[in-house]
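Both backbone and side-chain heavy atoms feed into the values below; hydrogens, waters and symmetry mates do not. Residue numbers start from 1 in every chain, and the chains themselves are labelled A, B, ... in the order their sequence lines are given, proteins ahead of strands.
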2 protein chains.
Amino acid sequence: MTGEAGTDSGAAAVDGVLAALADPTRRKLLDLLAARGEVSATALAERLPVTRQAVVKHLAVLDAAGLVSGHRVGREVRYEVRPAALDATARWMVALAADWDRRLATIKRLAEAAEAAEAADAAEGDDGRG
Amino acid sequence: MTGEAGTDSGAAAVDGVLAALADPTRRKLLDLLAARGEVSATALAERLPVTRQAVVKHLAVLDAAGLVSGHRVGREVRYEVRPAALDATARWMVALAADWDRRLATIKRLAEAAEAAEAADAAEGDDGRG
DNA sequence: CCGTCGTGCAACCTCCTGGTTGCACCATCA
DNA sequence: TGATGGTGCAACCAGGAGGTTGCACGACGG
């Protein structure tokens, strides 16, 4: 079901990304991953004020959103950032912002035109022209 | 005066916007506002499957994030979208995505260099020494 | 002036989310 | 083979977010 907003660049994926990005701990996690490359959940947990399990849950959310991916190396799982989903969401947001600006400009123009027409109409009725 | 005037293009404002955007009902609300211009909470509630009170709460969140603003007109309060905060967040996200790409490229290059060095070192120890 | 419409506040409820602990399992290394 | 370190799963908990209802108050129109 597409066609909600005119600016559609993968709206389905955007939902997950926005939800994932809403949490500051997850953003910190992404920051850590972006800075350090491939990191295991345990290593990440050491850099955060939460337990490994909490980190694992966050990583699951981020993975579901397509923001990270993990692959097994021996007995540990290394996670890394996935720019594609973030990039798509960024583009979506830029398009949305542009859309807002455009709509806002249009609406304001219409409002002003309506106001002017009203004023002209009132003047016409008041002046008794016709 | 809950709206913030986007002084810094940093994490503080972005945090609120992302949290606000994470909720689908709020996105729908923004969509409605962007499409219709100035709308009251009651009018918005009629287009959504929630009560007016729920809409008001969402509008409060959006206002706190700087995404909308409301002004009183007679006995009703008209809300409208505020592109500035969204635009700033979009820019932040674009920059972040670019950063990820850059860091990722750097890390991969370093990893490959390290691998090569390691291989060379091993070769040196194996072949060159003795 | 009185009825109505829209708002604002407050109490309350439910469910989801972020977080923890405990434990079992598997891979690695001495 | 046994100790260790990392993972995965499940139960459990607290708090907050989204939502509702009820009511009081201010603005508008007849």
S.K.: Looking at residues at least two apart in the chain, or sitting in another chain, which of them share a salt bridge (Lys or Arg N to Asp or Glu O under 4.0 Å) with A/R26?
M.R.: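 With sequence neighbours excluded, A/R26 shows a salt bridge (Lys or Arg N to Asp or Glu O under 4.0 Å) to no residue whatsoever.
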S.K.: Calculate the interatomic distance between B/R52 atom CZ and D/dA24 atom C1'; express it in whole Å.
M.R.: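 Whole-Å distance recorded here is 12 Å.
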S.K.: For nucleotides 13-19 of chain C, print each protein N/O atom paired with a nucleotide N/O atom at under 3.5 Å, atom names and distance only.
M.R.:
{"unit_1": "C/dG18", "atom_1": "OP1", "unit_2": "A/R26", "atom_2": "NH1", "d": "3.3"}
{"unit_1": "C/dG18", "atom_1": "OP1", "unit_2": "A/R26", "atom_2": "NH2", "d": "2.9"}
{"unit_1": "C/dG18", "atom_1": "OP2", "unit_2": "A/R26", "atom_2": "NH1", "d": "3.4"}
{"unit_1": "C/dG19", "atom_1": "OP2", "unit_2": "A/H58", "atom_2": "NE2", "d": "2.2"}
{"unit_1": "C/dG19", "atom_1": "N7", "unit_2": "A/K57", "atom_2": "NZ", "d": "3.0"}
{"unit_1": "C/dG19", "atom_1": "O6", "unit_2": "A/K57", "atom_2": "NZ", "d": "2.4"}

S.K.: Give the minimum heavy-atom separation between B/G66 and B/A85, together with the two atoms involved.
M.R.: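 Scanning both residues, the minimum pair turns out to be O-CB, 3.5 Å.
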S.K.: Can you get from A/L44 to A/V77 by hopping between Ile, Leu, Val, Met, Phe, Trp and Tyr side chains that sit under 4.5 Å apart?
M.R.: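 They do share one cluster, since a chain of ILVMFWY contacts under 4.5 Å joins A/L44 to A/V77.
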S.K.: Rounded to whole Å, please give me the gap between NZ in B/K28 and C1' in D/dG18.
M.R.: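 Atom-to-atom, B/K28 to D/dG18, this comes out as 18 Å.
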S.K.: More than 12 heavy atoms of other residues, nucleotides or ligands under 6.0 Å from CZ of A/R36: yes or no?
M.R.: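 Atom CZ in A/R36 is not crowded, with 12 or fewer foreign heavy atoms closer than 6.0 Å.
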S.K.: Quick one: which of A/V17, A/D23, A/L30 gives a side-chain contact (heavy atoms from CB on, under 4.5 Å) with A/L62?
M.R.: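 In the set A/V17, A/D23, A/L30, the residue that makes a side-chain contact (heavy atoms from CB on, under 4.5 Å) with A/L62 is A/L30.
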S.K.: Does a salt bridge link A/R27 with A/D31, judged by any charged N lying under 4.0 Å from a carboxylate O?
M.R.: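 A/D31 and A/R27: not salt-bridged.
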S.K.: Would you call B/E76-B/R78 a salt bridge at under 4.0 Å N-O?
M.R.: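 Salt bridge between B/E76 and B/R78, a charged N being under 4.0 Å from a carboxylate O: yes.
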S.K.: Between residues 70-79 of chain A and DNA chain C, which residues have a heavy-atom gap below 4.0 Å?
M.R.: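 Residues of residues 70-79 of chain A that come under 4.0 Å of DNA chain C are, in numerical order, A/G74, A/R75.
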S.K.: Please report the shortest heavy-atom distance between A/L67 and B/W100, naming the atom on each side.
M.R.: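 Reported closest heavy-atom pair: O-CZ3, 3.8 Å.
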S.K.: Could you tell me how far apart B/Q53 (CD) and D/dA24 (P) are, to the nearest whole angstrom?
M.R.: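 It is 15 Å, rounded to the nearest whole Å.
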S.K.: In this structure, how many angstroms lie between the C1' atom of D/dG18 and the CG atom of B/L44, rounded?
M.R.: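 The answer, rounded to whole Å, is 17 Å.
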